There are 2 protein chains.
Amino acid sequence: MSTTETGTFFSAEEYFATQPPPADLEHDIQGVRDFIARQAKAGRNVVLVTSGGTTVPLELNVVRFLDNFSAGTRGATSAEYFLQAGYAVIFMHRQFSLQPFSRHYSHSTNPFLDFLEIEPSRDGTTSPPEICVAHEKRADLLQVLTAYKSVHAAGTLHTITFVTVDDYLWLLRAISKELAVIGRKALYYLAAAVSDFFLPRQKMSIHKIQSGKGSLHIEMDQVPKILKPMVDEWTPDGFIVSFKLETDGDLLIPKARVALERYGHQVVIGNDLHRRKFEVVFVSRKPLPPLPPGVKVEATPTPAADYDPENPPPDTFVETWLRIPIPPPSVPHTTNQIKEIEEDIVAELVRRHTQWMEKA
Amino acid sequence: MSTTETGTFFSAEEYFATQPPPADLEHDIQGVRDFIARQAKAGRNVVLVTSGGTTVPLELNVVRFLDNFSAGTRGATSAEYFLQAGYAVIFMHRQFSLQPFSRHYSHSTNPFLDFLEIEPSRDGTTSPPEICVAHEKRADLLQVLTAYKSVHAAGTLHTITFVTVDDYLWLLRAISKELAVIGRKALYYLAAAVSDFFLPRQKMSIHKIQSGKGSLHIEMDQVPKILKPMVDEWTPDGFIVSFKLETDGDLLIPKARVALERYGHQVVIGNDLHRRKFEVVFVSRKPLPPLPPGVKVEATPTPAADYDPENPPPDTFVETWLRIPIPPPSVPHTTNQIKEIEEDIVAELVRRHTQWMEKA
């Protein structure tokens, strides 16, 4: 670790050497391993979808924590479209964030109970009343329920939960290493809102921080950039998609380019906090020119030493904008009839991932 | 405001003079006002139940926030028992935290969809398949659904949501002032996990804090102690119950005593983070000795100037422990058959609140 006046920098290696793994890690990974083995046998592509925000606990007996805003809509919605496209999905999400299928009925006021009606039993007074689904909700619910039951029957969805950024980092490393066995058939869709900062175990207070002192000072260290070892070591053949969420739209493309240069992965999807439901931008490197037969190159080109990621040569990157019409505010979110931008995001990624597999 | 080297202290008055109200405040309060008027007409007691954690956003365009651990179980569960006891309930809760009735089916893996089964339609192939509730779930669900529908038919539950500690403080003040019109019939059950710290609007950054600087420093100010103006000004006749959650059990009773002395309200319910599902302690002042007829005293005795709340005279306070058997880990939380400590907490408070009303 190197300590400067602005904080301590942990490399990924130092992070995993000093911060404790989650208690259930071995058990969770055994489940993932079995799932991947079944999918590999069936010849399916597998996508790891991460979703929801990570927490940074301030105390060992957690009362307070720093959190990142995310309901998990992007991840849960995209997972459904990946399943539709024939992928097997490892859905690694923040506890209680939205999940595929049930997302249509979560996070509103008592939706489940408002759906249901009590009907007196048909054969008179002897048997108990029956519970049925309100008529106007039946068609939508039947569609979601049918898709849900068919995915469960096919065994193509595996769910893992995390809470803290520490859980997230340990799980991501372990799952990436497991998924590496299927090589280019693995897609990584890293939609979780991961904290940039963490509080090392060694600095945490054991009990709830007392408020008598008048003000709260928190000093956190930077989370190591794990995309770099992910590309270089954990899963070198995986097709890796990361996300950038910004509130200042002008930062999106420059920051996406820096990330691609630094970590060497395939796509950064940029989204502005207030426009993310109907507009995203794919940032990627331009394809290398075709090489003469027999010539091999590294999958990840190393930038020249004098390369300045803030001012790249104009033809190094390509941006692709995806946009859908802004839905009118009067349409309720719960109906299944609304076009979702995740449908287009997933279609474009499936296309690029297919090319990536064909190039192998 | 007074600024010391450890931070800026805001009085409640200074807080409301400098921090902005939530956008929907007027609209929300109109709804509460109408609800209280209906309950007053029906002669019902009304309890304000606050529930769930508050956030402290770090940015105006919120990406990161400090949060307080709380799923909202205590508040949602207690609200059901208050409704059973004939109270009208204003349920003021953190967005997406647990709610009465739906709590039985939230926060687990796809519970709603796993409950439902698709049955081919009875009359052959022409009509669509039907959706029905899995047989083994029917009895529990029917019980919850019946209670839910009957509360909605009676109009005795009113729900309000908050997200930030600022929302919470503004709503609490406004609702307390509205509830003051029913005098001693108002009960306050302040189970929300409210942040002790906040970031004044004037110190927030507009955009997402960038991580390039290596570490994150946050300095927050102390949230004003609003129980004091609540007792003295907003709702002087209300029966007010606050909660103390600690991870160090030794702090519970001393801190509860300090709170009672400082704020002059009626009960502090203390709970240890790890034992809160089966053990709580009620801390209150001993009843004053009966006074000769015609003699009046202040409802809130003012402590003598030399009173040291850390070392009170031994007979000033009374502690009442409530305990239920620790449920065996094998019993799933979702069944309705488990004894919940909130049943006993609410029964004891209804008893004390009734005495309080009779004393008036």
Side-chain angles (χ1 to χ4, degrees), chain A residues 4 6-9 55 59 61-69 71 96 99 101-102 105-107 109-113 116 118 128-129 131-133 138-139 141-142 144-146 148-149 159 193 195-197 206-208 211 213-222 245-248 273-274, chain B residues 4 6-9 55 59 61-69 71 96 99 101-102 105-107 109-113 116 118 128-129 131-133 138-139 141-142 144-146 148-149 159 193 195-197 206-208 211 213-222 245-248 273-274:
Chain A
T4 71
T6 53
T8 306
F9 286 88
T55 69
E59 299 124 343
N61 285 289
V62 184
V63 175
R64 301 192 182 90
F65 53 92
L66 192 76
D67 203 346
N68 270 49
F69 166 78
F96 308 141
Q99 294 191 50
F101 308 110
S102 68
Y105 305 102
S106 312
H107 283 197
T109 310
N110 282 329
F112 168 45
L113 295 173
L116 299 176
I118 301 172
I131 300 166
C132 62
V133 175
R138 265 181 224 181
L141 178 57
L142 191 62
V144 172
L145 193 60
T146 305
Y148 175 74
K149 300 276 179 198
T159 300
S195 178
D196 292 317
F197 303 101
I206 293 173
H207 289 297
K208 184 180 170 188
S211 64
K213 303 287 162 15
S215 72
L216 179 70
H217 293 253
I218 310 169
E219 274 196 45
M220 291 192 182
D221 293 314
Q222 212 167 335
L245 176 73
E246 293 293 337
T247 63
D248 178 355
L273 183 66
H274 300 293
Chain B
T4 70
T6 52
T8 306
F9 286 87
T55 70
E59 299 124 343
N61 285 289
V62 185
V63 174
R64 299 191 182 93
F65 53 92
L66 192 76
D67 203 345
N68 269 49
F69 166 77
F96 308 142
Q99 294 192 49
F101 307 112
S102 68
Y105 305 102
S106 315
H107 283 197
T109 311
N110 282 330
F112 169 45
L113 295 173
L116 299 176
I118 301 172
I131 300 167
C132 62
V133 176
R138 265 180 224 182
L141 178 57
L142 191 62
V144 172
L145 193 60
T146 304
Y148 175 74
K149 300 275 179 197
T159 300
S195 178
D196 292 316
F197 302 102
I206 294 174
H207 288 297
K208 184 180 169 186
S211 63
K213 302 287 163 13
S215 72
L216 179 70
H217 293 251
I218 311 169
E219 274 196 44
M220 293 192 179
D221 293 315
Q222 211 167 334
L245 176 72
E246 294 293 337
T247 63
D248 178 355
L273 183 66
H274 300 294

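Throughout, protein chains are lettered first and strands after them, A, B, ... in sequence-line order, and every chain is numbered starting at 1. All values derive from a computational prediction rather than experimental measurement.
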Engineer: Using non-hydrogen atoms and a 4.5 Å limit, figure out which bit of A/Thr146 sits close to chain B: side chain, backbone, both or neither.
Structural biologist: both
Engineer: Could you please spell out the steps behind the side chain to side chain contact (heavy atoms under 4.5 Å, CB included) verdict for A/Ile218 and B/Leu66?
Structural biologist: CA-CA 11 Å; A/Ile218 310 169; B/Leu66 192 76; 4.1 Å; yes
Engineer: I need the minimum non-hydrogen distance between B/Leu113 and A/Ser102, along with the two atoms involved.
Structural biologist: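 In terms of heavy atoms, the two residues are closest at CD1-N, 3.5 Å.
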Engineer: Can you give me the closest heavy-atom contact between B/Phe65 and A/Asn68, atom names plus distance?
Structural biologist: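 Taking every non-hydrogen atom into account, CE2-C, 3.9 Å.
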Engineer: If I compare all heavy atoms of A/Lys149 with all of B/Leu116, which pair ends up nearest, and what's the gap?
Structural biologist: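 Between these two residues, the closest heavy atoms are NZ-O, 2.6 Å.
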Engineer: Can you measure from CG (B/Asp67) to CZ (A/Arg64) and round to the nearest 0.5 angstrom?
Structural biologist: 11.5 Å
Engineer: If you round to the nearest 0.5 Å, how far is CD1 of B/Ile131 from CG of A/Leu142?
Structural biologist: 5.0 Å
Engineer: Which distance, rounded to the nearest 0.5 Å, do you find between the CD of A/Glu59 and the CZ of B/Phe69?
Structural biologist: 11.5 Å
Engineer: Checking B/Leu273 against chain A: side chain, backbone, both or neither under 4.5 Å from a heavy atom?
Structural biologist: side chain
Engineer: Taking the side chain as every heavy atom from C-beta outward, state whether B/Phe112 and A/Leu141 have any atom pair closer than 4.5 Å.
Structural biologist: yes
Engineer: List the atom of B/Thr247, the atom of A/Val63, and the distance in Å for their closest heavy-atom pair.
Structural biologist: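 Between these two residues, the closest heavy atoms are CG2-CG2, 3.8 Å.
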